[in-house]
Amino acid sequence: MKTKKVSDSKIEMREMVMPHHTNPQNTIFGGTVMSWIDIAAAMCAAKHCNKPVVTVHVDELHFISPIKVGEHVLIKASVNFVGNSSIVVGVKVQSENPYFNEIKTTTRAFLTFVALDSNGKPTQVPRLEIINDEEQRRWDNAKIRVEAARKLRSQLSN
Ligand SMILES: CC(C)(COP(=O)(O)OP(=O)(O)OC[C@H]1O[C@@H](n2cnc3c(N)ncnc32)[C@H](O)[C@@H]1OP(=O)(O)O)[C@@H](O)C(=O)NCCC(=O)NCCS
């Protein structure tokens with residue numbers, strides 16, 4: 001199975017906050033941000049494995065600061081970790097005020113996808129070639145989260 005680099009599948013997606021994206025506080029509705037995160041992360045995972053992917057888990061979704069109408073939203077997604085058929089994608093969302101060039105990190109999340117074969121069954125994904133300390137740090141952190149989530153799933157009864 002071939003190896004891929006993080007840079008082979010990085011995604012950057014941009015949106016602008018329109019009035020129909022907002023909540024009663026006139027800032028962006030969290031569900032809209034979650035949808036953009038899922039789309040960017042899914043594109044990233046599919047680019048890594050060149051196969052259809054489905055979301056199986058969302059981890060540590062943190063809303064750090066609100067985003068206002070008219071602000072630009074930058075959604076950055078990159079592969080952090082891979083298992084046999086699973087791909088963990090880290091997503092960072094930033095708001096950009098186009099009038100003051102002010103950039104803020106507003107949301108972070110980690111999503112797990114599973115690659116599917118033509119029968120809809122989990123299938124192997126390419127290994128990830130780590131080339132720098134930052135990618136290694138993200139890999140190590142993702143591994144801790146994956147193992148903790150697996151342990152939790154096995155401990156909790158349905
Ligand atoms: C994806 C799916 C086919 C996997 O089936 P499954 O029977 O759980 O498959 P497996 O037990 O063989 O697990 C496959 C991989 O997914 C991982 N996985 C499964 N459930 C998981 C979960 N809740 N969280 C994190 N990882 C999970 C497993 O650890 C395994 O990873 P690995 O191959 O890298 O070791 C099935 O869970 C599914 O169809 N889920 C619904 C997906 C969906 O509809 N998403 C929303 C729309 S995109």
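Start at 1 and go down the list; that is how both ligands and their atoms are numbered.
Between W36 and H21, the angle of the ring planes goes over 60°, which puts this pair in the perpendicular group of the 30/60° scheme.
The shortest heavy-atom distance from R153 to ligand 1 is under 4.0 Å. Under a 4.0 angstrom heavy-atom cut-off, P122 registers as being in contact with ligand 1. For the ligand labelled ligand 1, residue R150 lies inside the 4.0 Å heavy-atom shell.
Within a 4.0 Å radius of atom 36 (C) of ligand 1, the protein contributes no non-hydrogen atoms. Per-atom contact check: atom 13 (O) of ligand 1 does not touch the protein, criterion being a heavy-atom distance below 4.0 Å. Under the 4.0 angstrom criterion, atom 47 (C) of ligand 1 counts as lacking any protein heavy-atom contact.
Close approach of ligand 1 to H57 is summarised as follows: ligand atoms under 4.0 Å from at least one heavy atom of the residue are 24 (N), 25 (C). Atom numbering of ligand 1 starts at 1 in the shown order; those under 4.0 Å from a heavy atom of V114 are 1 (C), 15 (C), 16 (O). Heavy-atom contacts of G83 reach the following atoms of ligand 1: 34 (O) (cutoff under 4.0 Å).
Relative to atom 21 (C) of ligand 1, the option among V125, V53, V56 with the closest non-hydrogen atom is V56.
Heavy atoms of V54 found under 4.0 angstrom from ligand 1 belong to the backbone as well as the side chain.
Atom NE2 of residue H57 and atom CG of residue L111 lie 9.0 Å apart, to the nearest 0.5 angstrom.
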